[in-house]
J.: 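Could you have a look at this structure, given as structure tokens, before my questions?
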Number of protein chains: 2
Amino acid sequence: MTEHAAGLGRRQQKKRETRRAIRDAALDLALENGLENLTVEAIAQTAGVSSRTFFNYFSSKEDALVTQAAEGADQVCKLLLERPSDEPPLEAFRNAVIYSNYFGADPVNRERVLARQRLTQCHPSLMAHHLGKIAMVERTFADALAERMGVDAEGDMTPQLLAAVAMSAIRVAVRQWVHKGDLPLYDLLETAFKQLEHLGLATQHPEPAG
Amino acid sequence: MTEHAAGLGRRQQKKRETRRAIRDAALDLALENGLENLTVEAIAQTAGVSSRTFFNYFSSKEDALVTQAAEGADQVCKLLLERPSDEPPLEAFRNAVIYSNYFGADPVNRERVLARQRLTQCHPSLMAHHLGKIAMVERTFADALAERMGVDAEGDMTPQLLAAVAMSAIRVAVRQWVHKGDLPLYDLLETAFKQLEHLGLATQHPEPAG
DNA sequence: CAAAATCTTGCACACTCTGCAAGTTTTTAT
DNA sequence: ATAAAAACTTGCAGAGTGTGCAAGATTTTG
């Protein structure tokens, strides 16, 4: 066991670097030449690997471009389960998200994250891939919420609804952030979650069947 | 102007038929041989057109398989704008959806719709395409809600949040419907929308903390 | 009925993605 | 340190996707 600086073997570290190189190359080329003129071969070449290797890392160029939504999901789940149990579910979730680094607290990458999101918002194919990943994360969150609430994750719709609603808030906040990139994302997140409470969800007159 | 039985020219009618033939062929073959063994050529052949023509109708086989979510969207918007203005937004939306034929009230297709949804739930690539379409419909709904509320559709997050939350309810209800296909979809829809009201959105600490 | 508009199809072509079989590098265990 | 095992990269072959183009067929229009 040759434990080096990081807890990662040389192999794992190289894989990380390659992965990052491919992602960076993909984003740079997409921004430079447009998504329609982007090929896997060009990405691979820029990243210094073969086309075949690209597909060992990503299943498509969209996959390489889309935000790694699953990145901080585990941490969010962990934080969620640690929140005080008297906190209402959505508030607990919001706090878990905000105190996590789900959005990569690293401000160095801010412009890059913004550019990636902008690209995603503009291209339906990227958006679809993005939402596909989001959906998987959503299920993870639903399971965590179910555990927190002590109910069945599959039979009870509540945790699924909570997860879906929470992801909606995040999604809308990010869209707004991209739309006018001056406001800080965290403020928009706060606003979105706050607005959920006043959406006219509570109905007190269910229509006497006209 | 040779007005025939329907308000459609012979050409439009043929296109409708071809479109349906392709969709049906795609679903049948997917259910029969599995999605991984499905090719555009096979779909086209079964539908009685050339491969090239397939791509005149759909951009991919996923496109042909996924639920046409945009189908009844216009009708839902129209109904939404006709709801009494004192109805809370989500309730108005729910009623608009339920009184529309957004889910194709035709019970003949029930098994077919169910099969299609099951397929979608099982295959991430189909789910991604599906969510991509859903997202576009969601924007349409957000615009309608903004008009109903008399606010700016882009600047104000509220209509976007409302649309997203409403689609969440629909999405979860459909997933539940697929998961155990015995309960009628409309009951699950009602339940989902009803549960939105009790999600702990309002921060009033429902749990006295055991 | 003839001109215009529209739809279908085949063909060519670039690109995507996968399995397989080398060859190379890292890891593990002696 | 060294040899065997495990893991990664790469090229190649091949099936499939998706688009532009042009010729031919069909429908619409006047």
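Chain letters run A, B, ... following the sequence lines, proteins first and then strands; every chain starts at 1.
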J.: Residues in salt bridge (charged side-chain N to carboxylate O under 4.0 Å, His left out) with B/D24, at least two apart?
T.: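 Salt bridge (charged side-chain N to carboxylate O under 4.0 Å, His left out) check on B/D24 returns B/R112.
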J.: Could you tell me the separation between the CD atom of B/E17 and the C1' atom of C/dT8, rounded to a whole number of Å?
T.: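 After rounding, the gap between these two atoms is 16 Å.
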J.: Within this structure, what is the CD-to-C1' distance between A/E36 and C/dC15, rounded to whole angstrom?
T.: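 So the CD-C1' distance, A/E36 to C/dC15, works out to 15 Å.
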J.: What is the distance from NE2 of B/H129 to P of D/dT17, rounded to the nearest Å?
T.: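 Atom NE2 in B/H129 sits about 12 Å away from atom P in D/dT17.
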J.: What's the separation between atom CD in B/E197 and atom NZ in B/K194, rounded to the nearest 0.5 Å?
T.: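 Here the rounded value is 7.5 Å.
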J.: Whole angstroms only, please: what is the CZ-C1' distance between A/R10 and C/dT27?
T.: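 Computing the A/R10:CZ to C/dT27:C1' distance gives 11 Å.
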J.: Please report, rounded to the nearest Å, how far the P atom of C/dT16 is from the CZ atom of A/F58.
T.: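 For the pair A/F58 CZ and C/dT16 P, the rounded distance is 15 Å.
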J.: To the nearest 0.5 Å, tell me how far A/T120 OG1 sits from A/E62 CD.
T.: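 Answer for the OG1-CD pair, A/T120 versus A/E62, is 10.5 Å.
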J.: Taking A/Q176 for its side chain and B/G155 for its backbone only, find out whether a donor-acceptor pair lies under 3.5 Å.
T.: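 Flag set: sc A/Q176 to bb B/G155 pair under 3.5 Å.
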J.: Search all heavy atoms of A/R83 against all heavy atoms of A/A92 and return the closest pair with its distance.
T.: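 It is CG-O, 3.8 Å.
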J.: May I ask you to list the residues of residues 23-30 of chain A, by number, that have any heavy atom positioned under 4.0 Å from an atom of DNA chain D?
T.: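 Those residues whose heavy atoms fall under 4.0 Å from DNA chain D, taken from residues 23-30 of chain A, amount to none.
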J.: Could you note down all residue pairs passing ring-ring contact (aromatic ring centres under 6.0 Å, His included) where residues 144-184 of chain B supplies at least one of them, sequence neighbours left out?
T.: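 Sorted result for residues 144-184 of chain B: empty, none.
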J.: Return the value, rounded to whole Å, for the distance between atom CD1 of B/I22 and atom P of D/dG18.
T.: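 Taking CD1 of B/I22 and P of D/dG18, I get 14 Å after rounding.
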J.: Without decimals, in angstroms, what is the distance between A/Q13 CD and C/dT25 C1'?
T.: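 After rounding, the gap between these two atoms is 15 Å.
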J.: Just checking B/Q68: does its CD atom have more than 12 heavy atoms from other residues, nucleotides or ligands closer to it than 6.0 angstrom?
T.: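 More than 12 within 6.0 Å, yes.
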J.: Looking at B/S100 and B/Y102, would you say the former's side chain and the latter's main chain have a donor-acceptor pair under 3.5 Å?
T.: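 Side chain of B/S100 to backbone of B/Y102, a donor-acceptor pair under 3.5 Å: yes, one is there.
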J.: I need the full list of ring-ring contact (aromatic ring centres under 6.0 Å, His included) pairs touching residues 9-42 of chain B, with sequence neighbours left out, sorted by first then second residue.
T.: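 Sorted result for residues 9-42 of chain B: empty, none.
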J.: Quantified as the angle between the terminal helix axes (five pairs each), what is the overall bend of the helix from C/dC1-D/dG30 to C/dT30-D/dA1 to 10 degrees?
T.: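 The value is 30°.
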J.: Do B/L162 and B/M149 have side-chain heavy atoms sitting under 4.5 Å apart?
T.: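 Yes, side chains in contact.
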J.: Any chance you could list the contact pattern along nucleotides 6-16 of chain D? Use B for base contacts, S for sugar-phosphate-only contacts and - for none, protein heavy atoms under 4.0 Å, 5' to 3'.
T.: -BSBBBB---S
J.: How many Å lie between CZ on A/F55 and C1' on C/dC17, as a whole number?
T.: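 Checked: the CZ to C1' distance equals 5 Å.
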J.: Do any N or O atoms from the side chain of B/D156 and from the backbone of B/D152 form a donor-acceptor pair under 3.5 angstrom?
T.: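 Here the side-chain-to-backbone pair does not exist.
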